[in-house]
Amino acid sequence: QVQLVESGGGLVQPGGSLRLSCVASGSIVSIYTRGWYRQAPGKQRELVATMTSGGSTNYADSVKGRFTISRDNAKNTVYLQMNSLKPEDTAVYYCHARRYGADYWGQGTQVTVSS
């Protein structure tokens, strides 16, 4: 089992920045992919950014150039730096990990972009 705990969400004005963190614990060896998804009210959960164990990254077109995924292996932590935030980025952001074909999710952290 893998446990994921997110932090860093909040309320920010358009154009502002936030950094989300996700700490993994439990059976973290052999986690292949870690990343971030988000779900806005009335919409399906969508991919935001992912990173493989080899360091390859993938971003949704809507966040390319504004968001950056990174990791600190010593802290078992993945980050999502979000810059130039827009109201349409408002959503609950979920941390994700995949290990041996199984998906693990955090509890989610709310990001609200509003003036």
Side-chain angles (χ1 to χ4, degrees):
Q1 293 292 323
V2 176
Q3 293 79 45
L4 303 172
V5 179
E6 304 105 332
S7 61
L11 173 65
V12 63
Q13 292 186 342
S17 298
L18 281 175
R19 189 178 79 156
L20 305 183
S21 301
C22 175
V23 180
S25 61
S27 300
I28 60 175
V29 175
S30 298
I31 289 178
Y32 179 68
T33 303
R34 296 189 64 179
W36 294 91
Y37 289 70
R38 67 187 182 187
Q39 187 166 18
K43 295 187 177 182
Q44 291 187 331
R45 191 173 297 187
E46 63 176 4
L47 178 149
V48 176
T50 61
M51 177 181 282
T52 69
S53 57
S56 298
T57 58
N58 182 43
Y59 293 92
D61 288 342
S62 60
V63 307
K64 284 181 181 177
R66 300 188 297 123
F67 291 10
T68 303
I69 188 171
S70 63
R71 67 187 180 194
D72 184 334
N73 290 333
K75 296 182 178 180
N76 299 322
T77 301
V78 170
Y79 304 97
L80 185 68
Q81 178 66 44
M82 304 186 293
N83 298 328
S84 301
L85 282 161
K86 305 175 181 180
E88 51 264 43
D89 294 318
T90 295
V92 177
Y93 284 70
Y94 295 92
C95 181
H96 170 263
R98 177 165 292 171
R99 180 178 181 270
Y100 293 130
D103 291 309
Y104 300 90
W105 298 94
Q107 80 285 358
T109 185
Q110 177 70 46
V111 172
T112 302
V113 184
S114 175
S115 55

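- Across all their heavy atoms, Gln107 and Val5 have their closest contact at OE1-CA, 3.9 Å.
- Taking CD of Gln81 as the reference point, atom OG of Ser21 lies at 9.5 Å (rounded to 0.5 Å).
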message: If you apply the rule side-chain hydrogen bond (donor to acceptor under 3.5 Å, both in side chains), what do you find for Gln110 with Thr112, and how did you get there?
response: CA-CA 6 Å; Gln110 177 70 46; Thr112 302; 3.3 Å; yes
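- Proximity of the aromatic rings of Trp105 and Tyr37 is defined here by a centroid distance below 6.0 angstrom, and this criterion is met.
- Annotation for Gly108 and Tyr94: closest pair CA-CD2, 3.6 Å, computed over non-hydrogen atoms.
- Between Glu6 atom CD and Trp36 atom CH2 the span is 5.5 Å, to the nearest 0.5 Å.
- Counting only heavy atoms from C-beta outward, the side chains of Met82 and Val111 approach each other to under 4.5 Å.
- With Thr90 contributing its side chain and Glu88 its backbone, the two residues share no donor-acceptor pair below 3.5 Å.
- Looking at Ser17 and Asn83, their side chains do bring a donor and an acceptor atom within 3.5 Å of each other.
- Minimum heavy-atom separation, Ala40 to Ala91: N-CB, 3.8 Å.
- In this structure, Ser114 OG and Leu85 CG are separated by 12.0 Å, a value rounded to the nearest 0.5 Å.
- Closest approach of Leu80 to Val48, counting heavy atoms only: CD2-CG1, 4.0 Å.
- Legend: disulfide (SG to SG under 2.5 Å) pairs involving residues 43-115, not counting sequence neighbours, sorted by first then second residue: Cys22-Cys95.
- In the hydrophobic clustering of ILVMFWY residues, with side-chain heavy atoms under 4.5 Å counting as a link, Met51 and Val63 come out together.
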- request: Go through the steps for Tyr93 and Arg38 under the test side-chain hydrogen bond (donor to acceptor under 3.5 Å, both in side chains), then give the verdict.
  value: CA-CA 4 Å; Tyr93 284 70; Arg38 67 187 182 187; 2.9 Å; yes
Step-by-step side chain to side chain contact (heavy atoms under 4.5 Å, CB included) determination, Tyr32 to Arg99: CA-CA 6 Å; Tyr32 179 68; Arg99 180 178 181 270; over 6 Å; no
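- Once rounded to the nearest 0.5 Å, the distance linking CG of Leu18 with CZ of Phe67 reads 9.0 Å.
- Between Lys86 and Asp89 there is no salt bridge, since no side-chain N of the basic residue sits under 4.0 Å from a carboxylate O of the acidic one.
- Within the structure, the disulfide (SG to SG under 2.5 Å) test picks out no pair touching residues 29-87 (sequence neighbours left out).
- Separating the CD1 atom in Ile69 from the CZ atom in Arg34 is a distance of 8.5 Å, to the nearest 0.5 Å.
- With hydrogens and angles disregarded, no donor-acceptor distance shorter than 3.5 Å links the side chain of Thr50 to the backbone of Gly35.
- Distance CG/Leu47 to NE2/His96: 9.5 Å, rounded to 0.5 Å.
- For the pair Arg66 (side chain) and Ser84 (backbone), a donor-acceptor distance under 3.5 Å is present.
- Considering only heavy atoms from C-beta on, Gln44 stays 4.5 Å or farther from Glu46 through its side chain.
- Inter-residue side-chain proximity for Leu20 and Tyr79 is flagged as unmet; no heavy-atom pair is nearer than 4.5 Å.
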- request: Would you check, one step at a time, whether the test side chain to side chain contact (heavy atoms under 4.5 Å, CB included) holds for Val78 with Ser70?
  value: CA-CA 6 Å; Val78 170; Ser70 63; over 6 Å; no
